Amino acid sequence: MTKPSIHFPKDFLWGCATSAYQIEGSPLADGAGPSVWHRFSHTPGRVQDGDTGDVTCDHYRRWESDVDLMQSLGLNSYRFSIAWGRVLPEGTGRVNAAGLDFYERLVDRLLSRGIQPMVTLFHWDLPAALDDRGGWLNRDIAHWFAEYANVVFRRLDDRVKYWTTLNEPWVVADGGYMHGVLAPGHRNIFEAPRAAHHLMMAHGAAVQAYRAVGRNQIGLVVNIEPKYPASQSDADLAATRRAEAYMNRQYLEPALLGSYPEELHEVFGDACPKWPEADLKLIKQPIDYVGVNYYTRAVVRSDPTAWPLKSTTVKQKQHTHMETGWEVFPQGLVDTLLWIRDKYGNPPVYITENGACFFDPPQVEGPVLEDPLRVDYLRKHITAVHTAIQRGADIRGYFAWSLFDNFEWAFGFSKRFGLVHMNYETLKRTLKTSAHFYSKVIATNGAAL
Ligand code: NCW
Ligand code: CA
């Protein structure tokens with residue numbers, strides 16, 4: 001018996017994803033203004049081993065050969081982000097032509113190689129000048145973001161079909177304002193829900209701006225980590241709902257339904273603000289797709305001593321874990337995609353990130369680096385996407401995170417997610433087995449799984 005071969009819909013997008021600060025390097029080149037990540041990484045103690053994005057993959061200078069590399073892998077799409085501070089060095093006001101030119105050349109080269117760009121406007125590198133004005137804590141940021149978005153739309157919407165406002169607003173609010181492990185490094189339960197709300201207002205304002213000038217598709221990218229109760233006790237079930245409201249529904253619900261989950265009151269307590277109806281109206285703009293970043297799940301147990309959620313994640317020892325500590329759980333991707341299908345009216349969905357962080361075994365010899373755990377991860381998760389499609393979820397594309405190993409935020413270069421290995425001394429790019437595997441999956445539209 002051979003298993004029936006898998007085929008994805010015609011016109012399915014197969015891509016890889018990256019972000020500006022993680023791969024570009026040259027963060028201040030050609031008139032760019034510094035970002036909060038530039039500041040944060042240059043603050044001693046903030047990033048592991050003192051790593052910074054000053055050079056990283058040097059993509060800012062190697063973009064041409066990097067696009068050739070993507071073409072050689074057979075990608076039909078590529079998801080990247082624009083550094084706000086390259087386009088508007090002070091965040092608002094003066095446009096830096098050289099910054100826009102860089103992205104325009106990149107888009108043109110991608111298109112000339114048959115690769116559709118999917119452009120993210122914000123993947124965490126807020127201009128430092130705006131942080132000085134309060135950053136995500138200042139309500140005005142919705143206007144600042146729409147101004148920036150508008151500049152980019154006017155220049156590139158004739159060629160870019162897929163736009164994203166924000167990447168993973170939860171990570172910005174939680175890592176940047178609640179726990180302080182990501183830029184700008186605040187740890188304040190009163191700030192986190194404000195930052196989250198202003199992120200969502202910025203999303204809404206940018207979508208609104210897009211409807212005035214844009215002709216194509218715009219969406220929001222959220223990280224979804226499905227939550228499963230550790231037991232059926234009332235306490236564990238309630239803890240699971242809290243965790244899921246905080247991480248997953250806090251962003252999808254206002255964007256798609258126009259309200260915040262009730263459970264946020266239990267999460268934030270006295271720090272839970274009440275927002276004007278007009279804000280929620282702004283946030284709930286019709287969007288063309290939902291972008292889902294999926295890596296792992298969490299099994300949740302109630303724990304009254306744990307700040308701030310009063311719950312903890314129970315490690316599932318029977319399963320493989322990534323170097324980030326994340327459990328490998330492909331069924332969670334099926335569950336997530338079916339949950340979105342059912343809860344939000346089956347919107348078009350792109351898997352905008354999915355991938356694995358493992359140490360690559362040392363290269364013995366030859367041009368290829370073996371990464372069997374990553375191959376296994378990709379095979380199981382892409383198969384999960386196919387299962388969800390067969391059950392009626394409207395999935396339009398899949399982007400592997402990441403094209404190369406890169407600057408993994410507070411972990412610096414210690415964590416590798418790439419299908420292509422990066423030698424940070426020589427900047428040589430070497431394909432891993434996972435890159436070859438993914439290439440075959442694309443070439444056969446899934447049959448090689
Ligand atoms: S949430 C997260 N990631 C990885 C990142 O490379 C990508 O930019 C994100 O969209 C892969 O997918 C998302 N990384 C979280 C980093 C948290 C670091 C916390 C450090 C604590 C010491
Ligand atoms: Ca290092």
Side-chain angles (χ1 to χ4, degrees), residues 16-29 32 34-63 65-66 69-70 79-81 83 85 120 123-126 167-168 171-172 175-176 179-185 223 293 295-296 321-326 353-363 367-374 377-378 399-435:
C16 282
T18 64
S19 89
Y21 190 76
Q22 293 182 273
I23 68 163
E24 287 177 352
S26 310
L28 305 180
S35 71
V36 290
W37 266 98
H38 180 74
R39 267 192 190 163
F40 193 74
S41 65
H42 282 268
T43 306
R46 289 305 206 166
V47 174
Q48 193 171 327
D49 303 328
D51 289 338
T52 73
D54 288 2
V55 179
T56 179
C57 307
D58 197 29
H59 171 75
Y60 189 73
R61 301 194 302 156
R62 294 167 195 246
W63 59 278
S65 48
D66 285 342
L69 175 65
M70 295 175 213
R79 174 174 181 256
F80 66 93
S81 78
T120 303
H123 198 127
W124 310 356
D125 45 0
L126 183 74
N167 178 72
E168 300 188 347
V171 178
V172 177
H179 291 103
V181 293
L182 302 175
N223 53 297
N293 294 355
Y295 291 91
T296 189
H321 288 74
M322 300 182 239
E323 285 309 318
T324 43
W326 300 344
E353 287 179 26
N354 173 243
C357 177
F358 290 114
F359 291 137
D360 299 322
Q363 187 161 8
V368 174
L369 226 143
E370 303 285 340
D371 60 340
L373 291 172
R374 186 171 290 103
Y377 183 98
L378 292 176
F399 295 81
W401 183 273
S402 181
L403 178 62
F404 342 98
D405 297 329
N406 58 48
F407 176 79
E408 182 47 43
W409 307 114
F411 295 121
F413 299 110
S414 69
K415 300 269 184 280
R416 294 178 180 267
F417 279 91
L419 307 194
V420 176
H421 177 268
M422 186 65 50
N423 179 323
Y424 292 109
E425 247 101 74
T426 62
L427 296 171
K428 186 170 180 308
R429 284 102 164 107
T430 304
L431 302 196
K432 305 182 192 177
T433 318
S434 56

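Predicted model, so just to flag it, every value in this text is computed and none were measured.
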Contact summary for [X] and [Y], nearest pair of heavy atoms:
X      : Y      : value
Gly176 : Pro184 : O-CD, 3.7 Å
Ser434 : Arg374 : OG-CD, 3.6 Å
Leu182 : Phe40  : C-CZ, 3.5 Å

Problem - Test item: side-chain donor near acceptor, Tyr21 and Ser41, under 3.5 Å - result: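 Looking only at side-chain atoms, Ser41 and Tyr21 do form a donor-acceptor pair, the distance falling under 3.5 Å.
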
Handout entry: Distance-only donor-acceptor check, side chains Asn167 and Thr120, under 3.5 Å
Key = no

Handout entry: Candidate list Tyr60, Trp63, Phe407, test side-chain contact (heavy atoms from CB on, under 4.5 Å), partner Glu24, passing option
Key =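 Among the candidates, only Tyr60 passes.
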
Handout entry: Reference residue Phe404; test side-chain contact (heavy atoms from CB on, under 4.5 Å); the match among Lys432, Arg416, Met422, His421
Key = Met422

Handout entry: Under-4.0 Å salt bridge between Asp66 and Arg62
Key =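 Salt bridge flag = no for Arg62 with Asp66.
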
Problem - Lys415 bridged to Asp405 by N-O distance under 4.0 Å - result: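 Not counted as a salt bridge, because no side-chain N and carboxylate O are separated by less than 4.0 Å.
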
Look up atom [atom1] in [X] and atom [atom2] in [Y], then write down how far apart they are to the nearest 0.5 Å.
X      : Y      : atom1 : atom2 : value
Thr18  : Asn406 : OG1   : CG    : 7.5 Å
Arg429 : Ser65  : CZ    : OG    : 6.5 Å
Asn354 : Asn293 : CG    : CG    : 9.0 Å
Asp51  : Arg46  : CG    : CZ    : 16.0 Å
Ser19  : His123 : OG    : NE2   : 4.0 Å

Exercise for the section: Verify side chain to side chain contact (heavy atoms under 4.5 Å, CB included) between Glu370 and Asp360, making sure each step is shown before the conclusion. Expected result: CA-CA 7 Å; Glu370 303 285 340; Asp360 299 322; over 6 Å; no

Problem - Leu69 vs Leu431 side-chain heavy atoms within contact, under 4.5 Å - result: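 Of all side-chain heavy-atom pairs linking Leu431 with Leu69, at least one is under 4.5 Å.
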
Problem - 4.5 Å side-chain heavy-atom contact, Thr433 and Pro372 - result: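 Thr433 does not reach Pro372 side chain to side chain.
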
Exercise for the section: Just say parallel, tilted or perpendicular for the rings of Phe417 and Tyr295, cut-offs at 30° and 60°. Expected result: perpendicular

